[in-house]
Asks: 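Take this structure, written in C-alpha cells, and hold onto it; I'll ask about it next.
Counting starts at 1 for both ligands and their atoms, in listed order.
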Amino acid sequence: MAAITVPRRQLFIGGQWTEPVRRKTLPIVNPATEDIIGYIPAATSEDVELAVEAARKALTRNKGKDWAKASGAVRARYLRAIAAKVTERKSELANLEAIDCGKPLDEAAWDMDDVAGCFEYYADLAEGLDAKQKAPLSLPLDTFKGYVLKEPIGVVGLITPWNYPLLMAVWKVAPSLAAGCTAILKPSELASVTCLELADICREVGLPPGVLNVLTGLGTEAGAPLASHPNVDKIVFTGSTATGSSIMTSAARLVKPVSLELGGKSPIIVFDDVEIDKAVEWTMFGCFWTNGQICSATSRLLVHERIADEFLDKLVKWTKNIKISDPFEEGCRLGPVVSKGQYERVLKFISNARNEGATVLCGGTRPEHLKKGYYVEPGIISNVTTSMEIWREEVFGPLLCVKTFSTEDEAIHLANDSQYGLAGAVLSNDLEKCDRVSKALEAGIVWVNCSQPCFTQAPWGGTKRSGFGRELGEWGLENYLSVKQVTQYISDEPWGWYKPPSKL
Ligand SMILES: NC(=O)C1=CN([C@@H]2O[C@H](COP(=O)(O)OP(=O)(O)OC[C@H]3O[C@@H](n4cnc5c(N)ncnc54)[C@H](O)[C@@H]3O)[C@@H](O)[C@H]2O)C=CC1
Ligand SMILES: NCCCC(=O)O
Ligand code: NA
C-alpha cells in the first residue's frame, strides 16, 4: 500500500482556511494501526460565532440574489461541479475515508460514488424547484387566489457521525445547498478528514464564500454551541439518541426546528421458506457491513424455529469466513471499529451478554492474527431474552443477537419490541407475507428479501426513538425548505365586514 498523506487543513469559514481562535487541535487516529496520522483543527464557540456570521452573510449577500434567492439552476451548477470534483478525486477521498474510520477500502470507494450521486441528484431537484414555485392553491372562495412559495429555511447547522464520514455529511449538505440554505457542517471528531476535503472542493469550484462552512472539533465544544446558537435556523443531526435528545433540548429553548436520525436496533425476520444461503448472506450484510456501524443495522435476527439450527450453523460458518484485515488489504470485508472507545464499548456488550446468560456462538473477540488496531471478530449471540442489554441497546459494532419464533404474529411482536424504529427486514418467498410484515413493522425503512441497500431517491429516517424527519429523496429537500402561502384578495367589491362610517 502506498503511503497516504493526510492533508493538514484548517477550519473552513467564509471560504477561507481559518485557524481556530484558540488554536486547538485534535489527533487523527488510524483505527487499523492505532497511530496518530495527523491533526484536525478543533473549533470552539468563538469559531462557531465566526462561521454563523459568514453563513448569514452568504445568505443575504446582494439581497440574497447570489444564493438563497438565486434560481435553483444557478445552485445546481455548483452542486454538479462539486460532484465532478468528488469523482475526479474519488480514489484519494476513498483512501482518506478508509484510513480515518477503518471501513474496507471497497466500501469507502462505493461511498464516494454515492457522494457524487447525491450531489447530482440534488442538482436535479434544485433545478426542479424553480418550476414548483407559486404552485396555485385551490381555494373555496372565488374572491381569493393563493399560491405557495418554497423558501430556504436559512442558516442550518449539520452535525454528523463517523460511520459514513462524508456520505452522512453530504446527505445534508447537498439538499441544504440545493434549497438555497447556507450551512455549517460539524463532522465527528473521530473522522473529519474527508469533510475537510469537501471544503477544499467547494473552494476549488468557487462556491460563494460562507455558503458551506466546515468546523471540525468536539461535540461539546463545537457541536453544542452550534445547536444552541440563536442565528442558526435549523439543526439536522445524525448520531446517538442521547446526543440527539440533548440537541433537541437546546434547540427547543429557541423553538428551533430539528431533524434527527438517531439510533436503532433493527430486526431481520427470516421465515422458513427462504433459500438459506441467500438469506444467510443478507443477514450478514445487514449487520456486519460498515464494520457493523450503521444506524440501520439489522442487529436482531428473528429466525423461524423450523430452520433455526441449519440457518445458524451456516451463518456461523459464513461469518467465520469473513475476511478481517487492514481496510486496504485486497478483499477486506471487515476492518476495525472506529476508535478505542468504540472497541471497548463493543467488548463490554459481549461480556455483559455473557454475564446475563447469553451464548456467544462465535466472534466477539480480537482476531488472533491482528495484534494492533481496534478489531473485533463479528459475533453471533443466542440464548437471548428480551430484557437483555444486547437485545435492547444499539451496539454499533459487528454483533448480531438471535431469537427464534414460530408464528408470524410472534415475529412481528418481537420485531416491534424496541424503543427504536429505524429499519426492519423481512425475508420470505411468500410476498403477501412480506407485505403484511412490511405494514406491521414499526419502522421508517423496510427491506424485503435484503437488508441495507440504500438509494438516494428513497426517504430515510425513523420512528419512535430513532428520531423524526426524512433525509434523501424529495423529502430530503423539504427538510431545508420553509413553506409560505401567499393569499390575494381579487374581488372588485369591498370586503364589507364593517359598516362604512355614515357620510355627513
Ligand atoms: N445512529 C447513528 O447513526 C450513530 C450512533 N452512534 C452511537 O453513539 C455512540 C457514541 O458515539 P459518538 O460518536 O459519541 O456519537 P454522538 O452521537 O455523540 O456523535 C455524533 C455527532 O454529534 C456530535 N456531538 C456530540 N455531543 C454533542 C452535543 N452535546 N451537542 C452537539 N453535538 C454533539 C459529535 O461531535 C458528532 O459530530 C456510538 O457508540 C453509537 O452507539 C454514533 C454515531 C452514529
Ligand atoms: N447506507 C447508509 C446508512 C447510513 C446511516 O448509518 O445512517
Ligand atoms: Na480516525
Side-chain angles (χ1 to χ4, degrees), residues 6 26-38 40 42-43 48 96-103 107 110-111 114 118 157-165 167-169 171 185-195 215-228 235 237-251 258 260-266 289-290 292-297 299 336-346 348-349 374 393-397 420 422-423 445 451-456 458 460-462 465-467 471-472:
V6 181
L26 291 166
I28 304 167
V29 177
N30 173 358
T33 59
E34 304 177 30
D35 292 335
I36 293 177
I37 52 170
I40 51 169
V48 171
L96 291 173
E97 188 94 323
I99 207 169
D100 197 6
C101 79
K103 69 169 65 193
E107 292 188 19
W110 191 355
D111 290 357
D114 287 350
C118 190
L158 314 174
I159 303 178
T160 55
W162 39 260
N163 58 337
Y164 284 82
L167 189 61
M168 284 308 97
W171 280 14
L185 168 65
K186 208 306 276 173
S188 167
E189 58 274 30
L190 297 177
S192 289
V193 170
T194 46
C195 285
L215 295 183
T216 50
L218 295 174
T220 44
E221 293 186 356
L226 186 59
S228 61
I235 296 288
F237 171 76
T238 298
S240 65
T241 297
T243 299
S245 167
S246 130
I247 286 174
M248 191 170 167
T249 303
S250 54
V258 290
L260 304 174
E261 204 259 87
L262 309 175
K265 192 78 195 181
S266 301
W289 185 46
T290 318
Q293 303 167 132
I294 312 191
C295 51
S296 55
S299 54
V337 296
V338 74
S339 65
K340 184 159 192 274
Q342 197 61 16
Y343 176 72
E344 285 166 357
R345 209 180 119 94
V346 174
K348 186 93 174 87
F349 267 102
Y374 307 125
E393 301 298 331
E394 179 176 58
V395 176
F396 234 65
Y420 296 115
L422 186 56
I445 303 154
S451 178
Q452 303 308 316
C454 170
F455 298 95
T456 313
W460 184 273
R465 287 195 203 157
S466 293
E471 300 197 276
L472 297 185

Asks: Do side-chain atoms of S466 reach the backbone of L422 as a donor and acceptor pair under 3.5 angstrom?
Replies: yes

Asks: Among all protein non-hydrogen atoms, which one is nearest to atom 23 (C) of ligand 1, and what is the separation to 0.1 Å?
Replies: I159 CG2, 3.7 Å

Asks: Is a side-chain N or O of K186 found less than 3.5 angstrom from the main chain of G217, in a donor-acceptor match?
Replies: yes

Asks: Considering the heavy atoms of Y164, write down every atom of ligand 2 situated less than 4.0 Å from one of them.
Replies: 1 (N), 2 (C), 3 (C), 4 (C)

Asks: Pick whichever of M168, K186, Q342 has a heavy atom sitting closest to atom 38 (C) of ligand 1.
Replies: Q342

Asks: Which atoms of ligand 1 sit under 4.0 Å from any heavy atom of I247?
Replies: 30 (N), 31 (C), 32 (N)

Asks: Any donor and acceptor pair, going by atom type alone, linking the side chain of S266 with main-chain N or O of A423 inside 3.5 Å?
Replies: yes

Asks: If we ignore hydrogens and angles and just use 3.5 Å, is the side chain of K103 paired with the main-chain N or O of N163 as donor and acceptor?
Replies: yes

Asks: What part of P187 sits under 4.0 Å from ligand 1 if we count only heavy atoms: the side chain, the backbone, both or neither?
Replies: backbone

Asks: Considering both backbone and side-chain atoms of S296, is one of its nitrogen or oxygen atoms within less than 3.5 Å of a nitrogen or oxygen in ligand 2?
Replies: no

Asks: Tell me, which protein residue and heavy-atom name are nearest atom 13 (O) of ligand 1, and how many Å apart are they?
Replies: W162 NE1, 2.7 Å

Asks: Using 3.0 Å as the cut-off, count the protein N, O or S atoms closer than that to the Na ion (ligand 3).
Replies: 4

Asks: Taking 4.0 angstrom as the limit and counting only heavy atoms of G263, give me the atoms of ligand 1 inside it, by number and element.
Replies: 1 (N)

Asks: Donor-acceptor pair, distance only, cut-off 3.5 Å: does the side chain of D35 make one with the backbone of I37?
Replies: no

Asks: Checking side-chain polar atoms at under 3.5 Å, does T243 have a donor or acceptor matched by the opposite partner on S246?
Replies: no

Asks: Judging by distance only, is a nitrogen or oxygen of L262 under 3.5 angstrom from one on ligand 1?
Replies: yes

Asks: Determine whether the aromatic ring centres of Y164 and W110 lie less than 6.0 Å apart.
Replies: no

Asks: Mind checking whether Q293 has a heavy atom under 4.0 Å from ligand 2?
Replies: no

Asks: Looking at atom 27 (C) of ligand 1, what's its closest protein heavy atom, distance included?
Replies: T243 CG2, 3.3 Å

Asks: Just to check, does I294 reach to within less than 4.0 Å of ligand 2 when the distance is taken from its heavy atoms?
Replies: yes

Asks: Can you find a pair of side-chain heavy atoms, one from L26 and one from T216, that are under 4.5 Å apart?
Replies: no

Asks: Examine distances only and state if a side-chain atom of S245 and a backbone atom of T241 form a donor-acceptor pair shorter than 3.5 Å.
Replies: no

Asks: Among all protein non-hydrogen atoms, which one is nearest to atom 10 (C) of ligand 1, and what is the separation to 0.1 Å?
Replies: S240 CB, 4.6 Å

Asks: With respect to P31, which candidate in C101, P336, S339 satisfies the side-chain contact (heavy atoms from CB on, under 4.5 Å) definition?
Replies: P336

Asks: Is it true that a side-chain atom of E107 and a backbone atom of T290 form a donor plus acceptor pair closer than 3.5 Å?
Replies: yes

Asks: Short N/O distance, under 3.5 Å, between G219 and ligand 1?
Replies: yes

Asks: Quick test: of every protein heavy atom, which one is nearest to atom 4 (C) of ligand 2, and how far off is it to 0.1 Å?
Replies: M168 CE, 3.3 Å

Asks: Minimum distance, heavy atoms only, to atom 21 (C) of ligand 1: which one of V395, L226, T160 is it?
Replies: T160

Asks: When rounded to the nearest 0.5 angstrom, what distance separates CG in L215 from SG in C195?
Replies: 11.5 Å

Asks: Could you list the atoms of ligand 2 found under 4.0 angstrom from a heavy atom of N163?
Replies: 6 (O)

Asks: Identify, by atom number and element, the atoms of ligand 1 in contact range of A224, meaning under 4.0 Å from any of its heavy atoms.
Replies: 30 (N), 31 (C)

Asks: Could a heavy atom of S246 be found less than 4.0 Å from some atom of ligand 1?
Replies: yes

Asks: In the protein, what heavy atom is nearest to atom 32 (N) of ligand 1, and what distance, to one decimal place, separates them?
Replies: G223 CA, 3.6 Å

Asks: Which heavy atom of the protein is the closest neighbour of atom 4 (C) of ligand 1, given with residue, atom name and distance?
Replies: F396 CZ, 3.3 Å

Asks: I need the minimum non-hydrogen distance between L472 and F455, along with the two atoms involved.
Replies: CD1-O, 3.8 Å

Asks: Taking the side chain as every heavy atom from C-beta outward, state whether I36 and I28 have any pair of such atoms under 4.5 Å apart.
Replies: no

Asks: Donor-acceptor pair, E261 side chain versus G239 backbone, under 3.5 Å?
Replies: no

Asks: Got the closest protein heavy atom to atom 1 (N) of ligand 1, with its distance?
Replies: C295 CB, 3.1 Å

Asks: Any luck finding a side-chain donor-acceptor pair between Q452 and S296 under 3.5 Å?
Replies: yes

Asks: Name the closest protein heavy atom to atom 22 (O) of ligand 1, giving the residue it belongs to and the distance to 0.1 Å.
Replies: F237 CE1, 3.2 Å

Asks: Run the numbers for me: atoms of ligand 1, each under 4.0 Å from some heavy atom of T238, listed by number.
Replies: 3 (O)

Asks: Examine the proximity of ligand 2 to C295 and report which part, side chain or backbone, both or neither, has a heavy atom under 4.0 Å away.
Replies: both

Asks: Using a strict 4.0 Å threshold on nitrogen-to-oxygen distance, state whether E344 and K348 make a salt bridge.
Replies: no

Asks: Backbone N or O of L167 within a donor-acceptor pair of the D114 side chain at under 3.5 Å?
Replies: no

Asks: Would you mind running through ligand 1 and noting each atom that sits below 4.0 Å from a heavy atom of E394?
Replies: 1 (N), 5 (C), 7 (C), 41 (O)

Asks: Give me the atom names and distance for the closest heavy-atom approach of L158 to L226.
Replies: N-CD2, 4.4 Å

